[in-house]
Amino acid sequence: MVMTGWLDGAYLWVKAAHVILVIFWMAGMLMLPRFFAYHAQAAADSEEDLVWRERERRLLRIIVNPSMVLAWIFGLMLATHLGFEGGWLHVKLVLVLVLSAFHGMLARWRKDFARGENRHSDRFYRLMNEIPSVIIILVVILVIVKPF
Ligand code: HEM
């Protein structure tokens, strides 16, 4: 079955939806490591610890997880419209898979905090903040400049 071009005039609307959801998703990828850096400095089971646990749970459940699923759905619609062609798209897909794995790591660290079992320092989480930043820069250059 050939899907290429199937979105027709809806293509730009789907692309707009994709970029909006990507912004919500990336906001979470940048906020969560920063939350964890502050959270790591709070004493276990203190009032501050409990407040961070709730903030992290709500951010992931209400914004970040649904945004990731929808950004993927709209992105894959665009990719099938384009017939999955272009070196830029292939490299982008690899990078967004890495980003999705990073999302999985954030979800795991959130669970560790929720059980009072955080194993990392605030410095570690500050370093982790660089991962989504670098991937976002590369992905935007790939989709806008399309160097190959
Ligand atoms: C989740 C998996 C993703 C898939 C399958 C995907 C796929 C795509 C495809 C096929 C396009 C159309 C490009 C065009 O019309 O030239 C697109 C556009 C775009 N994507 Fe993604 N994408 C994903 C995630 C992301 C992420 C994580 C970011 C940002 C960090 C991002 C940023 C953008 C931007 C800014 C555009 C608009 C480019 C333009 O038309 O100028 N995407 N995406």
Side-chain angles (χ1 to χ4, degrees), residues 3 6-7 10-82 84 86-148:
M3 302 261 298
W6 67 289
L7 285 171
Y11 187 79
L12 290 179
W13 286 100
V14 174
K15 185 141 82 177
H18 174 64
V19 174
I20 291 164
L21 271 308
V22 157
I23 289 173
F24 292 149
W25 181 24
M26 291 308 108
M29 293 298 94
L30 294 168
M31 279 168 81
L32 275 167
R34 191 139 296 264
F35 276 19
F36 294 160
Y38 295 130
H39 193 167
Q41 290 170 296
D45 296 323
S46 62
E47 204 172 311
E48 202 188 335
D49 179 24
L50 301 184
V51 170
W52 280 115
R53 286 186 199 181
E54 184 59 12
R55 279 185 191 136
E56 289 155 4
R57 192 182 67 84
R58 291 172 63 92
L59 180 62
L60 254 165
R61 211 193 51 190
I62 300 172
I63 300 178
V64 188
N65 290 339
S67 301
M68 178 186 72
V69 172
L70 291 171
W72 264 106
I73 291 172
F74 289 125
L76 288 174
M77 286 168 75
L78 297 172
T80 48
H81 175 98
L82 298 175
F84 280 96
W88 65 272
L89 181 55
H90 302 149
V91 178
K92 175 180 172 169
L93 285 173
V94 172
L95 289 172
V96 290
L97 280 173
V98 174
L99 204 53
S100 303
F102 181 72
H103 183 136
M105 294 302 294
L106 292 175
R108 198 162 123 189
W109 293 328
R110 187 204 71 77
K111 280 190 196 135
D112 289 346
F113 271 116
R115 286 192 302 259
E117 290 173 9
N118 169 46
R119 285 165 290 123
H120 302 290
S121 65
D122 62 308
R123 200 179 124 71
F124 170 82
Y125 292 117
R126 277 177 223 283
L127 263 170
M128 288 301 109
N129 230 346
E130 307 302 326
I131 293 178
S133 309
V134 171
I135 296 179
I136 289 168
I137 291 168
L138 295 175
V139 166
V140 170
I141 291 171
L142 283 170
V143 287
I144 305 283
V145 182
K146 296 190 173 74
F148 44 82

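Everything numeric in this text was worked out from a predicted model, so none of it was measured.
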Met29 pairs by side-chain contact (heavy atoms from CB on, under 4.5 Å) with which of Asn129, Val64, Ile131? Val64
Which heavy-atom pair separates [X] from [Y] by the least distance, and what is that distance?
{"X": "Gly28", "Y": "Pro33", "value": "O-CD, 4.2 Å"}
{"X": "Phe84", "Y": "His90", "value": "O-NE2, 2.9 Å"}
{"X": "Ala37", "Y": "Gln41", "value": "O-OE1, 3.4 Å"}
{"X": "Leu106", "Y": "Leu60", "value": "O-CD1, 4.5 Å"}
{"X": "Trp6", "Y": "Met77", "value": "NE1-O, 3.6 Å"}

Over 12 foreign heavy atoms within 6.0 Å of [atom1], [X]:
{"X": "Phe24", "atom1": "CZ", "answer": "no"}
{"X": "Glu47", "atom1": "CD", "answer": "no"}
{"X": "Arg126", "atom1": "CZ", "answer": "yes"}
{"X": "Tyr38", "atom1": "OH", "answer": "no"}
{"X": "Lys146", "atom1": "NZ", "answer": "yes"}

Looking at Asp112 and Arg108, is any side-chain nitrogen of the basic one under 4.0 Å from a carboxylate oxygen of the acidic one? no
Tell me, please, which residues at least two apart from Arg123 pass side-chain contact (heavy atoms from CB on, under 4.5 Å).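 Listed in chain order: Ser121, Leu127.
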Any residue meeting side-chain contact (heavy atoms from CB on, under 4.5 Å) with Ala40, in chain and number order, not counting sequence neighbours: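 side-chain contact (heavy atoms from CB on, under 4.5 Å) check on Ala40 returns Phe113, Asn118, Asp122, Tyr125.
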